[in-house]
Amino acid sequence: MSDSKNLQPVRGTHDLLPEAARVQRHVVHTLQTVTKNYGYQEIATPMFEFTEVFARTLGETSDVVSKEMYSFSDRGGESLTLRPEGTAGVARSVISNKLYDFLPLKYWYTGAMFRYERPQKGRQRQFHQVGVEFLGVSTPLADAETIALGWHFLQQLQLEGNLRLEINSLGDEASRTVYRTALVAYLERYKTSLSADSQERLLRNPLRILDSKDAGDQEIITGAPSLKDSMSDEATAYFAAVQEYLSLINIPVVVNSRLVRGLDYYSHTAFEIISDGLGAQATVLAGGRYDGLIEMMGGKPTAGIGWAAGIERLALLLPPLEALPRPVAVIAMADAQEQYAFTVVQNLRGQGIMAELITSGNVAKKFKKANKINALYAVLLGEEEAATGRLTVKNLDSGEQQKIAIEEIKKGLSL
RNA sequence: GCGGGCGUAGCUCAGUUGGUUAGAGCGCGAGAUUGUGGUUCUUGAGGUCGGGGGUUCGAGACCCCUCGCUCGCCCCA
């Protein structure tokens with residue numbers, strides 16, 4: 001590995017070899033199937049946008065914007081950014097295409113996201129998400145439905161380990177502003193006792209201090225004013241209704257009043273689904289309501305709620321996939337049948353049968369190769385078969401052999 | 001961005017207090033008289049010990065730097 005530096009994938013990126021690619025495909029396919037029953041359609045937005053699209057919506061002071069974005073100038077001098085998440089792009093697309101005239105909209109998406117972070121298990125610099133956005137409806141029912149969709153999706157994947165749905169309300173914007181002021185006023189008194197991280201957060205995103213893992217911080221937070229007390233009656237009722245809808249369909253919910261999301265565009269309902277099967281990166285699906293987002297970006301006021309899930313994290317929790325279907329191995333017994341064998345494989349493929357031509361080597365060798373590709377059947381072609389068109393088919397598990405006309409093979413073997 | 005652990009063949013790992021041509025299992029290739037495999041046996045290929053520098057008569061082992069992975073913090077999906 002003398003020139004290892006250039007042959008290594010960039011830090012935090014990974015090749016998707018066939019097995020992993022199949023797992024990711026399975027996750028996406030599962031979402032596609034589940035969302036269909038909820039009336040969702042796929043949307044795909046560009047992998048990069050003008051930097052401003054993310055900077056404005058996620059919040060200039062958010063960690064994602066302030067230190068994790070892959071931003072660069074293109075040759076025309078424009079500042080562009082590789083998308084760190086999916087919602088901002090969809091929101092931009094809704095405005096660009098004036099889709100707010102066609103509400104409500106239900107979109108799902110998948111794709112690579114980019115964040116300059118320190119890689120860890122379940123955390124990469126290029127990672128993949130699936131997500132959904134439900135635009136144009138601001139009712140507790142819409143929140144419950146969206147959360148149910150996420151829950152349903154994860155059930156469908158049959159993840160190993162336990163999942164926990166945590167939910168909170170950040171209140172409407174007015175409530176949040178009131179609360180932020182009250183919280184900061186309280187925390188200022190303990191400023192010097194707070195952890196260094198939280199002292200920093202006090203300036204940038206004080207609500208996140210509620211979520212601190214530092215024991216000292218937690219102690220201080222115990223006495224802090226509660227967001228509930230600052231919430232308007234409407235916001236409180238809204239949150240109660242969301243919970244009621246969820247209980248109606250038996251989705252277990254844990255209210256976590258310290259759950260705060262890191263992106264600025266959220267209001268009202270916020271939620272996370274957390275797995276006990278991962279390490280520090282335990283959140284497997286998360287999202288919330290973002291009613292102010294589209295207006296903030298310059299569009300008509302449009303309600304919205306959505307979530308995203310990390311495909312790599314889901315992959316870590318996925319049970320083994322079904323075994324791949326087994327092919328038919330076509331074997332010429334002698335060189336004289338090689339060309340005939342090629343026509344036979346093509347014939348089988350034309351019938352919709354997965355078939356592989358085993359070339360080179362003596363017959364014993366070819367059988368070994370057939371085993372290696374996990375073939376269920378071997379089709380043997382010698383002088384007799386070539387003359388009669390009736391092929392010798394051997395079941396490689398049982399060893400049984402039979403003769404079948406080529407056009408009967410599909411039925412004869414129930415392939 | 002901060003702190004800890006790790007990095008030896010494709011994979012999983014062993015390499016005694018620094019000492020000659022770096023090992024094993026699995027996997028891979030070839031063979032065991034040419035129309036029948038999965039077992040077994042024989043045999044072969046494959047490593048500049050992540051990379052660079054240093055200490056030493058001598059380094060996979062010690063020191064420094066660097067790259068990557070990993071655990072926690074942070075952040076988040």
Side-chain angles (χ1 to χ4, degrees), chain A residues 1-14 17 27 58 62-68 84-87 110-131 150 154 195-198 200-201 204-205 208 211-214 217 260-263 272-275 278-287 306-317 329 331-337 358 360-375 377-385 392-401:
Chain A
M1 299 263 268
S2 55
D3 47 358
S4 56
K5 169 90 195 232
N6 294 326
L7 293 179
Q8 266 172 2
V10 172
R11 181 154 145 105
T13 69
H14 294 283
L17 299 180
V27 170
L58 307 183
S62 71
D63 279 54
V64 170
V65 171
S66 60
K67 45 196 189 196
E68 295 177 359
E85 58 97 49
T87 301
T110 183
M113 306 293 162
F114 306 85
R115 253 120 95 159
Y116 189 87
E117 292 185 278
R118 176 112 179 227
Q120 241 181 75
K121 187 177 183 181
R123 187 215 268 174
Q124 300 165 208
R125 288 184 173 181
Q126 177 181 331
F127 61 104
H128 300 82
Q129 287 187 335
V130 291
L154 298 184
S195 66
D197 280 330
S198 286
E200 175 72 12
R201 282 188 280 236
R204 296 157 48 129
N205 192 347
R208 285 212 61 88
D211 224 0
S212 173
K213 285 179 192 167
D214 184 90
D217 289 353
V260 178
R261 318 258 32 252
L263 309 181
E272 288 188 10
I273 298 179
I274 299 155
S275 163
L278 300 168
Q281 272 62 49
T283 300
V284 103
L285 183 152
W307 51 254
I311 298 181
E312 284 82 359
R313 288 185 190 177
L314 292 173
L316 292 170
L317 298 168
I331 293 177
M333 304 306 281
D335 290 351
Q337 285 87 43
I358 309 293
S360 80
N362 57 31
V363 174
K365 200 90 200 162
K366 288 176 176 172
F367 268 91
K368 286 184 180 169
K369 286 185 181 172
N371 288 326
K372 203 157 290 175
I373 63 171
N374 195 32
Y377 293 104
V379 168
L380 309 180
L381 305 174
E383 279 179 33
E384 193 193 326
E385 289 85 353
T392 300
V393 179
K394 176 169 185 168
N395 181 314
L396 290 171
D397 288 346
S398 66
E400 283 168 32
Q401 261 178 229

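Here is how names work: the chains are called A, B, and so on, in the same order as the sequence lines, proteins then strands, and each is numbered from 1. Computed from a predicted structure; not experimentally measured.
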Next on the checklist: What's A/Gly131 touching, base or sugar-phosphate or nothing? Going by heavy atoms closer than 4.0 Å.
Outcome noted: nothing
Checklist entry - Between B/C76 atom P and A/Leu314 atom CG, what is the distance in whole Å? => result 19 Å
Item to check | A/Pro119, nearest nucleotide to its side chain (from B/C69, B/G37, B/C74) | outcome: B/C69
Checklist entry - Are any of A/Lys394's side-chain N or O atoms less than 4.0 Å away from OP1 or OP2 of B/G37? => result no
Next on the checklist: Quick one, A/Ile358 and A/Phe367 - any side-chain contact, counting heavy atoms below 4.5 Å?
Outcome noted: no
Next on the checklist: Can you check the distance between B/G54 and B/A14, where both ends of the measurement are the P atom (answer in whole Å)?
Outcome noted: 30 Å
Item to check | Spacing between A/Arg115 atom CZ and B/A77 atom C1', to the nearest angstrom | outcome: 6 Å
Next on the checklist: Do A/Arg204 and A/Asp63 make a side-chain contact, defined as non-hydrogen atoms from C-beta onward lying under 4.5 Å apart?
Outcome noted: yes
Item to check | Any side-chain heavy-atom pair of A/Glu85 and A/Arg115 under 4.5 Å | outcome: yes
Next on the checklist: Measuring from the side chain of A/Asp63 (C-beta onward, heavy atoms only), which nucleotide among B/U36, B/A77, B/C75 has the closest atom?
Outcome noted: B/C75
Item to check | A/Glu385 (side chain) and B/G35 (base): donor-acceptor pair under 3.5 Å | outcome: yes
Checklist entry - In whole angstroms, how far is the C1' atom of B/C75 from the CZ atom of A/Arg201? => result 9 Å
Checklist entry - With a non-hydrogen cut-off below 4.0 angstrom, is A/Gly150 in contact with a base, only sugar-phosphate, or nothing? => result nothing
Checklist entry - Looking at A/Gln281, does any N or O in its side chain come under 4.0 Å of the phosphate oxygens OP1/OP2 on B/C75? => result no
Checklist entry - Any idea which of B/U34, B/G68, B/A77 is nearest the A/Asn362 side chain? => result B/U34
Checklist entry - Out of B/C76, B/U36, B/A77, which has the shortest distance to the side chain of A/Gln129? => result B/A77
Item to check | Contact check, side chains of A/Thr13 and A/Phe114, non-hydrogen atoms, under 4.5 Å | outcome: no
Checklist entry - Is A/Arg11 touching bases, backbone alone, or none of the nucleic acid, heavy atoms closer than 4.0 Å? => result sugar-phosphate
Checklist entry - Out of B/C28, B/U36, B/C75, which nucleotide sits closest to the side chain of A/Lys372? => result B/C28
Item to check | Non-hydrogen atoms of A/Arg208 and A/Val260 that approach each other most closely | outcome: NH1-O, 3.1 Å
Item to check | Closest nucleotide among B/C69, B/C75, B/A77 to the A/His14 side chain | outcome: B/C69
Next on the checklist: Does A/Lys365 reach a base, just sugar-phosphate, or nothing at all? Heavy atoms under 4.0 Å.
Outcome noted: sugar-phosphate
Item to check | Touch class at under 4.0 angstrom, heavy-atom based, for A/Gly122 against every strand present | outcome: base
Checklist entry - What is the distance from CG of A/Leu380 to P of B/G37, rounded to the nearest Å? => result 11 Å
Checklist entry - Looking at B/G37, does its base get a donor-acceptor pair with the side chain of A/Asn371 below 3.5 Å? => result yes
Checklist entry - Which of these nucleotides, B/C75, B/C76, B/G35, is closest to any side-chain atom of A/Arg123? => result B/C75
Checklist entry - Using a cut-off of 4.0 Å on non-hydrogen atoms, how would the nucleic acid contact of A/Glu312 be classed: base, sugar-phosphate, or nothing? => result nothing
Checklist entry - Do A/Arg11 and A/Arg118 have side chains that get closer than 4.5 Å, going by heavy atoms? => result yes
Checklist entry - Which listed nucleotide (B/G35, B/A77, B/G37) is nearest to the side chain of A/Val363? => result B/G35
Next on the checklist: Please tell me if A/Arg118 has a side-chain N or O lying less than 4.0 Å from either OP1 or OP2 of B/G72.
Outcome noted: no
Item to check | Spacing between A/Arg208 atom CZ and B/C74 atom C1', to the nearest angstrom | outcome: 10 Å
Next on the checklist: OP1 or OP2 of B/U70 versus the side-chain N and O atoms of A/Lys121: is any pair under 4.0 Å?
Outcome noted: no
Next on the checklist: Return whichever of A/His128 or A/Leu396 has its heavy-atom-nearest nucleotide of RNA chain B closer to the 5' end.
Outcome noted: A/Leu396
Checklist entry - Which whole-number value in Å describes the distance from A/Glu383 CD to B/G35 C1'? => result 10 Å
Checklist entry - Is the aromatic ring centre of A/Phe127 closer than 5.5 Å to the centre of the six-membered base ring of B/A77, with the two planes inclined by less than 30°? => result yes
Checklist entry - With a 4.0 Å cut-off on heavy atoms, is A/Glu85 in touch with a base, just the backbone sugar-phosphate, or nothing at all? => result nothing
Checklist entry - If each of A/Val284 and A/Phe367 is mapped to the nucleotide of RNA chain B with the nearest heavy atom, which maps nearer the 5' terminus, i.e. the 5' end? => result A/Phe367
Checklist entry - What about A/Arg313, does its side chain sit under 3.5 Å from the base of B/C76 through a donor-acceptor pair? => result yes
